[in-house]
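Since the structure comes first, as structure tokens, the remarks are kept for the end.
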Amino acid sequence: MKIKNRFTSLLACLLVLTVCYGFTQNFKQNQLAITGAWQVEDGGTRHVLIFADGYMTHAAFSVDDKTFASSRGGSYQAQANEVKLKWEYDTQNSEKVGQDDSFNFTLGDNELVIIVQGREIPFTRVDDGTGALAGNWKISGRMQDGKINPIHTTGPRKTIKILSGKRFQWIAINPETKEFFGTGGGSYTFSNGKYTENIEFFSRDNSRVGKSLSFDDKLVNGEWHHSGASSTGDKIYEVWSKAK
């Protein structure tokens, strides 16, 4: 009887472990499946989604007159066919900051269909999130007087940069006070130490849209060293670290 009970208990434990392992694998597969950049155009407005390192951004901007429309983003988890989010910023409704949200989705061949209020919105894949710089980055240092000075990264105000394999977006926000300070983004390339941004939207000044900026960039012990001239012509040397 004791042997039978032990055998039954062992089977129960194995079943629990198998279910947990399957859930973990399914979570990882769905999280990876939507990683990268996606876009759709609707009435002259381009909508771009970036999923990288557990962070999602959504930017909307005009492809005709270069105007910025809106952006929002925050941390996310993909489970089964549902994305769960916690918003860190929303340019249209700051009251959403800190709130949880979710939406359902389906995946096809290079297509992500998001279901919002009963409406199906089909996004086309731009890339799969593969690249040396792909990820969720937070500025952690800046060169001043020939010395790299650390930037406090534990406070509520922060500047982050989200990169997929081909697209980027930077955001300056304070989730604690629900403040939004600015954002910009577009496509980028990184090869042989040269990082080039092609600006497609800029919330503060749309005259910068269409410009391409090249920088000397390198990865040093997991940190991203970024140097060159900003969109205003000022010399910069920044250090970015992967957000935790």
Side-chain angles (χ1 to χ4, degrees), residues 27-41 45-61 63 68 71-78 81 83 85 88-89 103 105-114 121-140 159-171 183-202 208-228 231 238-244:
F27 169 79
K28 289 180 178 179
Q29 289 172 2
N30 281 281
Q31 195 84 346
L32 289 172
I34 64 172
T35 295
W38 307 81
Q39 71 178 32
V40 65
E41 291 190 17
T45 298
R46 178 174 295 166
H47 296 263
V48 177
L49 302 176
I50 300 177
F51 295 91
D53 283 352
Y55 204 94
M56 186 209 85
T57 63
H58 168 210
F61 52 95
V63 295
F68 169 77
S71 184
R72 58 181 178 165
S75 59
Y76 81 93
Q77 290 184 341
N81 289 91
V83 170
L85 304 125
E88 280 203 325
Y89 75 97
F103 61 81
F105 71 92
T106 59
L107 278 169
D109 293 335
N110 294 318
E111 185 179 68
L112 171 68
V113 179
I114 292 177
I121 305 174
F123 286 79
T124 302
R125 184 185 288 279
V126 178
D127 64 73
D128 62 1
T130 301
L133 295 180
N136 175 6
W137 299 88
K138 189 174 184 180
I139 193 166
S140 58
T159 299
I160 57 177
K161 198 171 239 186
I162 311 300
L163 278 77
S164 64
K166 295 179 180 179
R167 296 199 64 89
F168 77 96
Q169 182 177 354
W170 63 265
I171 310 107
T183 188
S187 63
Y188 81 91
T189 59
F190 178 54
S191 179
N192 298 321
K194 286 293 182 181
Y195 170 79
T196 301
E197 292 183 345
N198 305 299
I199 302 174
E200 295 182 14
F201 64 92
F202 201 101
R208 300 182 191 181
V209 175
K211 292 184 178 180
S212 293
L213 304 174
S214 291
F215 303 87
D216 294 319
D217 286 26
K218 57 185 176 181
L219 291 171
V220 181
N221 297 324
E223 292 185 324
W224 174 15
H225 288 243
H226 176 76
S227 61
S231 58
E238 300 170 338
V239 178
W240 296 74
S241 302
K242 280 289 184 74
K244 296 180 181 179

Handout entry: Pair listing, salt bridge (charged side-chain N to carboxylate O under 4.0 Å, His left out) test, anchored in residues 160-169, at least two apart
Key = K161-E197, R167-E200
Problem - side chain to side chain donor-acceptor pair (under 3.5 Å) against T57, all qualifying residues, sequence neighbours excluded - result: Q169
Practice task
Please list, chain by chain and in numerical order, all residues satisfying side chain to side chain donor-acceptor pair (under 3.5 Å) with E111, sequence neighbours excluded.
Solution key: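 E111: no side chain to side chain donor-acceptor pair (under 3.5 Å) contacts found.
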Distance check, rounded to the nearest 0.5 Å: [X] atom [atom1] versus [Y] atom [atom2]?
| X | Y | atom1 | atom2 | value |
| --- | --- | --- | --- | --- |
| S214 | N198 | OG | CG | 8.0 Å |
| I114 | I121 | CD1 | CD1 | 7.0 Å |
| M56 | I50 | CE | CD1 | 10.0 Å |
| I160 | L163 | CD1 | CG | 11.0 Å |
| R72 | L85 | CZ | CG | 8.0 Å |
| D217 | E238 | CG | CD | 9.5 Å |

Practice task
Using atom types as modelled and distance alone, determine if a side-chain donor or acceptor of D127 lies under 3.5 Å from a backbone N or O of G165.
Solution key: yes
Practice task
Measure from the side-chain N and O atoms of S71 to the backbone N and O of H58, and report whether any donor-acceptor pair falls under 3.5 Å.
Solution key: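 It does hold such a pair.
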Completion exercise
F201 meets the ring-ring contact (aromatic ring centres under 6.0 Å, His included) criterion, sequence neighbours left out, with F61
Exercise for the section: Using the test ring-ring contact (aromatic ring centres under 6.0 Å, His included), find all partners of Y195 that sit at least two apart in sequence or belong to another chain. Expected result: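 Listed in chain order: Y188, W224, H226.
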Can you see which heavy atom on [X] is nearest to which on [Y], and at what distance?
| X | Y | value |
| --- | --- | --- |
| A60 | T45 | CB-CG2, 4.1 Å |
| V40 | P122 | CG2-O, 3.2 Å |
| R125 | D128 | NH1-CA, 3.3 Å |
| E223 | S241 | OE2-OG, 3.3 Å |
| T183 | I171 | OG1-CG1, 3.7 Å |
| A33 | L107 | CB-CD1, 3.4 Å |

Exercise for the section: Flag the pair R46 / V48 as yes when at least one side-chain heavy-atom distance between them is below 4.5 Å, and no otherwise. Expected result: yes
Practice task
Would you mind reporting whether T159 and W240 have side-chain heavy atoms less than 4.5 Å apart?
Solution key: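 Sidechains of T159 and W240: in contact.
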Problem - Test item: side-chain donor near acceptor, S212 and T196, under 3.5 Å - result: no
Exercise for the section: Give a yes or no on whether K218 atom NZ has more than 12 heavy-atom contacts from other residues, nucleotides or ligands under 6.0 Å away. Expected result: no
Practice task
Walk me through it: do Y76 and I34 pass the test side-chain contact (heavy atoms from CB on, under 4.5 Å)?
Solution key: CA-CA 11 Å; Y76 81 93; I34 64 172; 3.7 Å; yes
Exercise for the section: Step by step, work out the side-chain contact (heavy atoms from CB on, under 4.5 Å) result for E41 and H47. Expected result: CA-CA 6 Å; E41 291 190 17; H47 296 263; over 6 Å; no
Practice task
Run the numbers on T124 and W38 for side-chain contact (heavy atoms from CB on, under 4.5 Å), then give the verdict.
Solution key: CA-CA 5 Å; T124 302; W38 307 81; 5.9 Å; no
Exercise for the section: Start with the C-alpha distance between I139 and V239, add both sets of side-chain angles, then the distance that settles side-chain contact (heavy atoms from CB on, under 4.5 Å), and finish with yes or no. Expected result: CA-CA 6 Å; I139 193 166; V239 178; over 6 Å; no
Problem - All side chain to side chain contact (heavy atoms under 4.5 Å, CB included) counterparts of K194, not counting sequence neighbours - result: D216
Practice task
Measure centre to centre between the rings of Y55 and W137, then say whether the value is under 6.0 Å.
Solution key: no
